[in-house]
> 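Sharing a structure with you now.
Because only heavy atoms are used, hydrogens play no part in the values below, and waters and symmetry mates are left out as well, while side chains stay in. As the structure lists them, so they are numbered: ligands from 1, and atoms in each ligand from 1.
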Amino acid sequence: MQIVRAEEMYEWDRRAMDEYGREGYILMENAGRALAGRIREKFPKDEKFLVLIGGGNNGGDGYVIARILKDQGFDVTAVQVVPDEKIEGDALYHKNVYTKSGYDLAELTEQEWNRGTVVIDAMLGIGVKGPLRPPFDDLVRDVNLYGMHRVSIDIPSGLPADEGEEEFEAVKADTTFIVQAPKLSLFTEHTSGYYGEAEVVDIGLPPLSVTDPAREWRAEEDVKEGYPRLPASAHKGSRGKGLLIGGAQMMPGALVMAAKASIRSGAGLTTAATVPGNIPSAAGSLPEVMFMGTEEVDGVISGIDTDSLTGKDAVAAGIGMGRKEPGRAVMETLLKETKVPLLIDADGLYHLRFLLDVLKEREEVTVVTPHVKEMADLTGESTGEVKRNPFSISSKFARDYGVYVVLKGPHTIITAPDGRQIVESSGNEGLAKGGSGDVLTGILLTMLMQHEHPLEALANGCFLHGKSAELLTAGERTVYDLLPTDVVEGLSSVFRTYIKE
Ligand SMILES: NC(=O)C1=CN([C@@H]2O[C@H](COP(=O)(O)OP(=O)(O)OC[C@H]3O[C@@H](n4cnc5c(N)ncnc54)[C@H](OP(=O)(O)O)[C@@H]3O)[C@@H](O)[C@H]2O)[C@@H](O)CC1
Ligand SMILES: [K+]
């Protein structure tokens, strides 16, 4: 499913009319009808609806919804919150249909506020610009104040559709029925909460690609389709030989979790390279993994035998490695000498910010997997800027350095060097724990070895990780006690449920 900016949504609508000959008022009828259908399914007939209608096409949708619900016998009070001269075009057409149907408009009084049980917010859609002007400033506050169930049409009124805007006042919806395609602000941290429970409603626009490069929200079916099948003749070579590099003397756990996640997610053979002192205990807990010692200074990795890179299908480095000086040279060597996909995470990302010129020179596939803070440090932006602009900041970094970016968060945004983006939303707050990232790194290492396309590999890896958490907390675990190591064990259920034929 495409994730659109406001201007891309308008482009879609315009092409539907200009190229496909669909009249605007028919598109609005279809939109309102689809939306009313969802409202009817969600709420019992004894609810009292208050429909607030604004002056643009969002208000036009509101007129159609109010009429259809009234046609079907629902108790609906409709209020046009702007003067008559503000209603034009397709919205005016539908206002006329509404009034010719014998339906009237009410004044918004204290009584109406108190009578309603569900408010349908069709005041402002994706056309909102700048700070709210009267009467919307007061109306938005009132909608948030009265104790009705708040249903926003397309987008909570006042909320920007795109990323980036910092200051706004908006309806805090309980439910949002999004028209045709999710907008960027559904996925940005400071805006997503305003949507409440969000559902995309297909209003029947012709299937057009309006995002270029493609920007897509992953559905579960896509994962199953895109997942590489293991041939019956699979051997460890065909499943991939991966190398994980990380771990300092005081931090053995990260590498162990990543290695375990790598083999559980299907790697043929995983080798873990770490400081020699960590090997006995790590090897004891992971008999399936091969271990090799690195050079070491002050308890951290200071050098790696580049022969160990030969014969590998992918390499992941940086987890639990520490931030001491010697690590930088190790990362520099890896950037220069790794001829297969190289994934850099955690402390590796810390070192990477001093090696951006080397990164730029690298020609083979490179993947970085930052969370917001790490992304901020890599790009020199503030964490606030990254949170508000995750799509464009990821895209710029991916293009500037020719890398794949996995920006981790409640909605993980995966970006290819050409700017294509996939949002993967599986997972829950149980994953917000030290070690989750290490598990993801292990899974992604395996995915990079098994998929033909890195973007697909990374999206599927994020899915496995997030879905494992979801399945576990739907069963024995809760978001409070879930551990990263549980997520590794939970992979079996994800494979069984979503991948296995
Ligand atoms: N086109 C499509 O692709 C499709 C669109 N569809 C629907 O149309 C919606 C978009 O409609 P839209 O473009 O008419 O804009 P919309 O959100 O109603 O707002 C415009 C109104 O808001 C006002 N206004 C703006 N800012 C303001 C502020 N700060 N403070 C106060 N007022 C402000 C502005 O007033 P003005 O600036 O003119 O005084 C104008 O009256 C979209 O969300 C979806 O629901 C679907 O049906 C089908 C596909
Ligand atoms: K709205």
> What about Tyr63 and His94, are their ring centers closer than 6.0 Å?
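That pair fails the under 6.0 Å test.
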> Looking at His453, I'd like to know if its NE2 atom is crowded, meaning that more than 12 non-hydrogen atoms belonging to other residues, nucleotides or ligands lie closer than 6.0 Å.
no
> Could you tell me whether any N, O or S atom belonging to Ser152 is less than 3.4 Å from the K ion (ligand 2)?
no
> Can you name the N/O/S atom of Asp121 that is nearest the K ion (ligand 2)?
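Of all N, O or S atoms belonging to Asp121, O is the one nearest the K ion (ligand 2).
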> Please report the closest heavy-atom contact between Met148 and Asp174, naming both atoms and the distance.
O-OD2, 3.8 Å
> For a distance cut-off of 3.5 Å, show me each N or O of ligand 1 paired with any protein N or O, plus the separation.
{"unit_1": "ligand 1", "atom_1": "1 (N)", "unit_2": "Asp13", "atom_2": "OD2", "d": "3.0"}
{"unit_1": "ligand 1", "atom_1": "3 (O)", "unit_2": "Met9", "atom_2": "O", "d": "3.1"}
{"unit_1": "ligand 1", "atom_1": "8 (O)", "unit_2": "Asn58", "atom_2": "N", "d": "3.4"}
{"unit_1": "ligand 1", "atom_1": "13 (O)", "unit_2": "Tyr10", "atom_2": "OH", "d": "2.5"}
{"unit_1": "ligand 1", "atom_1": "14 (O)", "unit_2": "Asn57", "atom_2": "N", "d": "2.8"}
{"unit_1": "ligand 1", "atom_1": "17 (O)", "unit_2": "Gly125", "atom_2": "N", "d": "2.5"}
{"unit_1": "ligand 1", "atom_1": "17 (O)", "unit_2": "Gly125", "atom_2": "O", "d": "3.4"}
{"unit_1": "ligand 1", "atom_1": "17 (O)", "unit_2": "Ile126", "atom_2": "N", "d": "3.3"}
{"unit_1": "ligand 1", "atom_1": "17 (O)", "unit_2": "Gly127", "atom_2": "N", "d": "2.9"}
{"unit_1": "ligand 1", "atom_1": "18 (O)", "unit_2": "Asn57", "atom_2": "N", "d": "3.2"}
{"unit_1": "ligand 1", "atom_1": "18 (O)", "unit_2": "Asn58", "atom_2": "N", "d": "3.1"}
{"unit_1": "ligand 1", "atom_1": "26 (N)", "unit_2": "Lys129", "atom_2": "N", "d": "2.9"}
{"unit_1": "ligand 1", "atom_1": "29 (N)", "unit_2": "Lys129", "atom_2": "O", "d": "2.7"}
{"unit_1": "ligand 1", "atom_1": "29 (N)", "unit_2": "Gly130", "atom_2": "O", "d": "3.2"}
{"unit_1": "ligand 1", "atom_1": "29 (N)", "unit_2": "Pro131", "atom_2": "O", "d": "3.0"}
{"unit_1": "ligand 1", "atom_1": "30 (N)", "unit_2": "Arg133", "atom_2": "N", "d": "3.0"}
{"unit_1": "ligand 1", "atom_1": "37 (O)", "unit_2": "Arg133", "atom_2": "NH2", "d": "3.0"}
{"unit_1": "ligand 1", "atom_1": "39 (O)", "unit_2": "Lys86", "atom_2": "NZ", "d": "2.5"}
{"unit_1": "ligand 1", "atom_1": "39 (O)", "unit_2": "Arg133", "atom_2": "NH2", "d": "3.2"}
{"unit_1": "ligand 1", "atom_1": "43 (O)", "unit_2": "Ile126", "atom_2": "N", "d": "3.0"}
{"unit_1": "ligand 1", "atom_1": "43 (O)", "unit_2": "Asp154", "atom_2": "OD2", "d": "2.5"}
{"unit_1": "ligand 1", "atom_1": "45 (O)", "unit_2": "Asn58", "atom_2": "ND2", "d": "2.8"}
{"unit_1": "ligand 1", "atom_1": "45 (O)", "unit_2": "Asp61", "atom_2": "OD2", "d": "2.8"}
{"unit_1": "ligand 1", "atom_1": "47 (O)", "unit_2": "Asp61", "atom_2": "OD1", "d": "2.8"}
{"unit_1": "ligand 1", "atom_1": "47 (O)", "unit_2": "Asp61", "atom_2": "OD2", "d": "3.1"}

> Quick check: Phe74 with Phe43 (ring centres under 6.0 Å apart)?
no
> Compute whether any side-chain donor of one residue and acceptor of the other, for Thr478 and Asp481, lie under 3.5 angstrom apart.
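Checked: Thr478/Asp481 side chains pair up, N/O donor to acceptor below 3.5 Å.
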> If I take the K ion (ligand 2) as the centre, what angle separates the O atom of Ile153 from the O atom of Ile155? Nearest 10 degrees is fine.
70°
> Any heavy-atom pair between the side chains of His465 and Val439 that's under 4.5 Å?
yes
> Should the pair Arg38-Glu41 be classified as a salt bridge under the 4.0 Å nitrogen-to-oxygen rule?
yes
> Would you say Glu476 has more than 12 foreign heavy atoms packed within less than 6.0 Å of its CD?
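Check fails, neighbour count at 12 or below.
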> How large, to 10°, is the angle at the K ion (ligand 2) when you draw lines to OD1 on Asn58 and to O on Leu124?
70°
